[in-house]
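Just so it is clear, the values below take in all heavy atoms, side chains as well, and ignore hydrogens, waters and symmetry mates. Reminder, nothing fancy here: chain letters follow the sequence lines and each chain counts from 1.
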Amino acid sequence: MPRANDEAAAALDEYAELFALTGGDAFRVRSYQKAAKAIRGYARDISTAPVRDVPGVGQAIATKVTEFMERGSFRQLDELRQQVPDGVRRLTRIPGLGPKTAVMLFEEYGVDSPPALAEAIRSGRLDRAKGLGEKTRTNLLKGIDELAEVQGQVHIGIAMGVAEEVIDSLREHVERIDYAGSLRRMKDHIGDVDILAVADPSVMAVFRDQHYVAEVLVSGEKKTSVRTVEGLQLDLRLVPAESWGAAMQYFTGSKEHNVELREMAVKKGWKLSEYGLFSGDTVLAAADEAEIYSRLGLQYVPPPLREGSGEVAAARREELPTVIEREDLRGDLHSHTDLTDGVASLSDMVARAAELGYSYFAVTDHAPDLVMQRMTLEKARAQRDQLRELQADHPKLRLLHGTELNIDADGGVDWPAEILDEFDVCVASVHSHFNQDRDAMTRRFIAACENPNVNIIGHPTTRKIGKRGPVDADWEAVFQAAARTGTAMEIDSYPDRSDLPVDLVRLARHHGVRFSIDSDAHAVPHLDFQRFGVGLAQRAWLTTDDVINTWPWQRLKKFLAKGG
DNA sequence: GCCGTTTTCGGCCCGACTGTTTTCAGTCG
């Protein structure tokens with residue numbers, strides 16, 4: 001996705017937030033947010049394409065974006081940044097705390113950060129604050145804890161975008177360049193990004209001058225560390241060309257994986273470092289990463305498996321699974337259009353799915369329970385008719401008409417069975433009542449699994465990386481129900497969701513659950529998010545047999561029938 | 001601020017939940 005779009009969208013989102021905090025008109029706030037969302041999901045790069053063409057962008061926003069592209073900000077944003085203390089914005093990051101309360105806390109109590117709020121609540125200073133009863137204060141403390149847990153890391157979507165931007169910006173100055181570290185291992189939370197390059201040290205000056213660099217932390221001939229405007233730490237290391245493979249191996253990690261490899265080398269009387277695999281002064285392997293593994297007598301271990309969790313022993317016995325690859329996916333079973341909260345038309349989404357070479361593709365817009373999406377049965381059926389018409393243009397792509405149902409507090413869904421029978425595939429997801437206790441939440445999920453029309457539980461934990469923690473459920477019980485009923489668990493590839501998380505994927509697989517790796521796309525470029533879901537699945541050692549949307553249509557069709 | 005088989009003004013995604021209130025404000029999806 002074009003980085004310029006993300007940056008302009010982030011600026012508009014910030015402006016919307018500041019505008020709301022200063023008591024601005026709610027409809028204008030929504031306009032800024034809507035434009036931000038549309039720009040972020042726009043398929044073309046707005047640094048070259050006219051931003052006025054983006055739906056939801058009129059003259060006023062276009063002017064702001066144009067100024068932003070020229071100098072990294074716009075006048076009205078600068079003014080509001082002056083007006084609103086950072087502390088007030090920090091407070092609104094806390095789940096359950098909106099602009100009104102944030103302003104009140106700052107103005108009346110001088111509270112300007114989540115830790116300051118926690119302190120104020122614990123000290124009893126807010127016991128008489130209006131609108132903040134005991135329950136609210138308890139919930140806010142919980143929200144502050146959730147926020148603290150996820151701070152200092154970004155999700156893989158942001159980190160990957162930064163890494164690719166860095167590589168693009170330096171490519172003409174280097175002989176070779178790639179990213180390593182936890183990003184190459186496809187972790188869903190990334191603390192810093194490691195980039196390796198073969199280049200002349202003069203590239204460091206070029207790097208320091210890039211527009212994404214907010215602060216230079218250290219800079220030498222071999223290593224430069226900077227902080228980006230997103231707050232992400234970025235390390236660029238120069239390595240000798242002849243040690244490229246060893247350096248990639250070493251800096252990809254994980255630490256635990258590397259310790260096991262070095263121990264193996266030592267037992268053979270060798271030495272493994274970031275410069276190569278050596279026997280005395282003789283180089284056994286160094287330039288090529290795969291050769292290091294083979295000289296150690298190991299199968300090649302794909303980076304997402306390198307966690308020191310048994311992969312080295314398995315590689316020694318030649319028992320590593322053939323993990324799923326992006327090319328194994330035959331389709332996508334969860335996507336949205338502008339009929340509900342997506343930003344692209346049905347035909348545009350379908351056209352991109354066809355380009356991706358899929359055998360099948362499901363459109364799953366929201367059902368009526370999410371009232372704000374204004375879905376009706378008539379609209380859903382009209383969309384189905386439109387999809388059937390589009391089918392004629394795409395003989396190789398089977399178009400499936402699905403829906404994303406809302407699982408209500410008791411485990412019920414939006415439509416009765418006779419209506420659900422009309423759909424080819426039903427995803428069912430939790431969108432509210434996140435704070436239910438474990439028993440209620442578990443019953444809720446099990447009821448959804450037992451619904452004969454529900455095929456896939458969408459983004460099961462509902463976590464949003466950096467924003468909201470997972471719901472609490474007895475996952476073993478849920479997974480047993482899913483396996484028993486033939487209900488798949490989704491691996492939602494939307495990078496801030498990355499949901500199921502990898503440890504739960506492993507647990508679910510242990511119980512015999514199948515998975516669907518979906519994009520949950522709300523825009524055309526989002527269809528490519530599946531690469532993140534595949535990375536997550538690789539980390540859990542999933543094979544094509546575990547993932548229903550790698551299956552040929554006839555096999556998938558049987559699964560979707562849930563034995564009925 | 002955007003948009004127009006409602007076209008240059010007057011709408012704009014609407015309802016539920018929570019905790020606080022004593023009739024409702026704030027937040028969320």
Side-chain angles (χ1 to χ4, degrees), chain A residues 9 11-13 15-39 51-66 74 76-77 80 88 91-105 121 126-143 146 336-343 365-376 379 404-410 412 414 428-437 440 458-459 462-464 467-469 471 494 496-497 520 522:
Chain A
L12 283 174
D13 273 330
Y15 185 63
E17 191 184 353
L18 294 172
F19 195 77
L21 279 167
T22 51
D25 174 61
F27 290 113
R28 283 176 62 184
V29 172
R30 199 174 297 157
S31 289
Y32 300 130
Q33 289 170 337
K34 203 174 158 190
K37 185 176 176 181
I39 288 172
V51 66
R52 191 70 171 78
D53 289 355
V54 181
V57 174
Q59 196 47 56
I61 290 180
T63 305
K64 291 180 177 66
V65 170
T66 305
F74 51 89
Q76 298 89 336
L77 179 60
L80 286 190
V88 176
L91 287 176
T92 61
R93 300 281 175 277
I94 301 169
L97 202 163
K100 295 275 168 33
T101 315
V103 170
M104 186 277 289
L105 285 169
I121 292 173
L126 299 179
D127 286 0
R128 296 222 186 86
K130 67 172 192 301
L132 290 186
E134 196 180 337
K135 273 208 155 160
T136 305
R137 296 197 300 271
T138 307
N139 284 341
L140 288 177
L141 284 177
K142 183 173 168 250
E146 272 183 21
H336 297 274
T337 73
D338 57 8
L339 182 61
T340 58
D341 59 349
V343 299
D365 271 315
H366 291 287
D369 269 10
L370 262 62
V371 181
M372 63 178 187
Q373 309 297 354
R374 289 191 149 180
M375 181 57 102
T376 62
K379 284 190 194 176
E404 183 183 9
L405 300 164
N406 180 50
I407 305 175
D408 68 26
D410 300 319
D414 315 44
S429 322
V430 165
H431 299 100
S432 63
H433 300 88
F434 303 118
N435 285 324
Q436 273 183 328
D437 66 49
H459 48 72
T462 77
R463 71 166 177 175
K464 288 261 187 100
K467 294 197 186 97
R468 181 171 73 209
V471 296
Y494 213 94
D496 69 346
R497 289 193 181 271
D520 195 358
H522 286 67

Exercise. For B:dC14 versus B:dT20, give the span between their P atoms, rounded off to a whole number of Å.
Key: 29 Å
Practice problem: State whether the number of non-hydrogen atoms from other residues, nucleotides or ligands found under 6.0 Å of A:Lys100 atom NZ is greater than 12. | Solution: no
Quiz prompt | Atom-to-atom span, CD of A:Gln436 to C1' of B:dC17 - whole angstrom | solution = 12 Å
Exercise. Determine the minimum heavy-atom distance between A:Asn406 and A:Asp414, stating which atoms define it.
Key: N-OD1, 2.7 Å
Self-check item: Atom-pair distance (CE on A:Met104; P on B:dG19), nearest Å
Solution: 16 Å
Quiz prompt | Nucleotide of B:dC3, B:dG1, B:dG19 approaching A:Lys64 most closely (side-chain heavy atoms) | solution = B:dG1
Quiz prompt | A:Lys100 side-chain proximity, nearest of B:dC3, B:dG29, B:dT27 | solution = B:dT27
Practice problem: Take atom C1' in B:dT6 and the same atom in B:dG11, then report the distance between them in whole Å. | Solution: 9 Å
Quiz item: Quick one: is B:dG19 close enough that its OP1 or OP2 comes under 4.0 Å of any side-chain N or O from A:Asn139?
Solution: yes
Self-check item: Between B:dC13 (P) and A:Leu339 (CG): distance, integer Å
Solution: 14 Å
Self-check item: side-chain hydrogen bond (donor to acceptor under 3.5 Å, both in side chains) contacts in which one or both residues fall within residues 30-39 of chain A, not counting sequence neighbours
Solution: A:Arg28-A:Tyr32
Self-check item: P-based separation of B:dC13 from B:dG4 [nearest Å]
Solution: 12 Å
Quiz item: NA contact type, A:Phe434, heavy-atom cut-off 4.0 Å: base, sugar-phosphate, or nothing?
Solution: sugar-phosphate
Quiz item: Which nucleotide, in any strand shown, forms a Watson-Crick or G-U wobble pair with B:dA25, with both distances under 3.5 Å?
Solution: B:dT18
Exercise. Return the nearest nucleotide to the side chain of A:Thr101; candidates are B:dG1, B:dT27, B:dG29.
Key: B:dT27
Self-check item: Distance in angstrom units between A:Arg28 CZ and B:dG11 P, rounded
Solution: 19 Å
Quiz prompt | Selected nucleotide, minimal atom distance to A:Arg30 side chain, candidates B:dG19, B:dC13, B:dG1 | solution = B:dC13
Self-check item: Residue A:Leu370, side-chain heavy atoms: nucleotide from B:dC2, B:dT27, B:dG29 that is nearest
Solution: B:dG29
For residues 130-137 of chain A, tabulate all N or O donor-acceptor pairs below 3.5 Å that involve a side-chain atom, not counting sequence neighbours.
| unit_1 | atom_1 | unit_2 | atom_2 | d |
| --- | --- | --- | --- | --- |
| A:Arg137 | NH1 | A:Leu132 | O | 2.8 |

Exercise. Please report, rounded to the nearest Å, how far the P atom of B:dA25 is from the CG atom of A:Leu132.
Key: 16 Å
Quiz prompt | Distance in angstrom units between A:Lys135 NZ and B:dT27 C1', rounded | solution = 16 Å
Quiz item: Starting at CZ of A:Phe27 and ending at C1' of B:dC14, how long is that distance when rounded to a whole Å?
Solution: 11 Å
Exercise. May I ask you to verify if any side-chain N or O of A:Arg137 is less than 4.0 angstrom from the OP1 or OP2 atom of B:dG19?
Key: no
Quiz item: Between A:Val343, A:Val65, A:Ile39, which is the residue that forms a side-chain contact (heavy atoms from CB on, under 4.5 Å) with A:Val54?
Solution: A:Ile39
Quiz item: Given B:dG1, B:dG29, B:dT18, which nucleotide is nearest the side-chain atoms of A:Ile61?
Solution: B:dG1
Quiz item: Given A:Asn435 and A:Lys142, is the side-chain contact (heavy atoms from CB on, under 4.5 Å) satisfied, shown in steps?
Solution: CA-CA 11 Å; A:Asn435 285 324; A:Lys142 183 173 168 250; 2.8 Å; yes
Practice problem: Starting at CG of A:Leu80, measure out to CD of A:Glu17 and round the result to the nearest 0.5 Å. | Solution: 11.0 Å
Practice problem: Using the closest heavy atom to pick a nucleotide of DNA chain B for each, name whichever of A:Ile94 or A:Glu134 lands nearer the 5' end. | Solution: A:Glu134
Quiz item: Which value, in whole Å, describes the distance between the P atoms of nucleotides B:dT21 and B:dT27?
Solution: 15 Å
Quiz item: With a non-hydrogen cut-off below 4.0 angstrom, is A:Asn406 in contact with a base, only sugar-phosphate, or nothing?
Solution: nothing
Exercise. Starting from the 5' end of DNA chain B, give me the residue, A:Leu97 or A:Ala62, whose nearest nucleotide shows up first.
Key: A:Ala62
Quiz item: Between A:Asn435 (CG) and B:dG29 (C1'), how many Å, whole number?
Solution: 14 Å
Self-check item: Among B:dG29, B:dC2, B:dT20, the one nearest A:Thr136 by side-chain distance
Solution: B:dT20
Quiz item: Using a cut-off of 4.0 Å on non-hydrogen atoms, how would the nucleic acid contact of A:Arg374 be classed: base, sugar-phosphate, or nothing?
Solution: sugar-phosphate
Quiz item: Base, sugar-phosphate, or nothing for A:Ser432, non-hydrogen atoms under 4.0 angstrom?
Solution: nothing
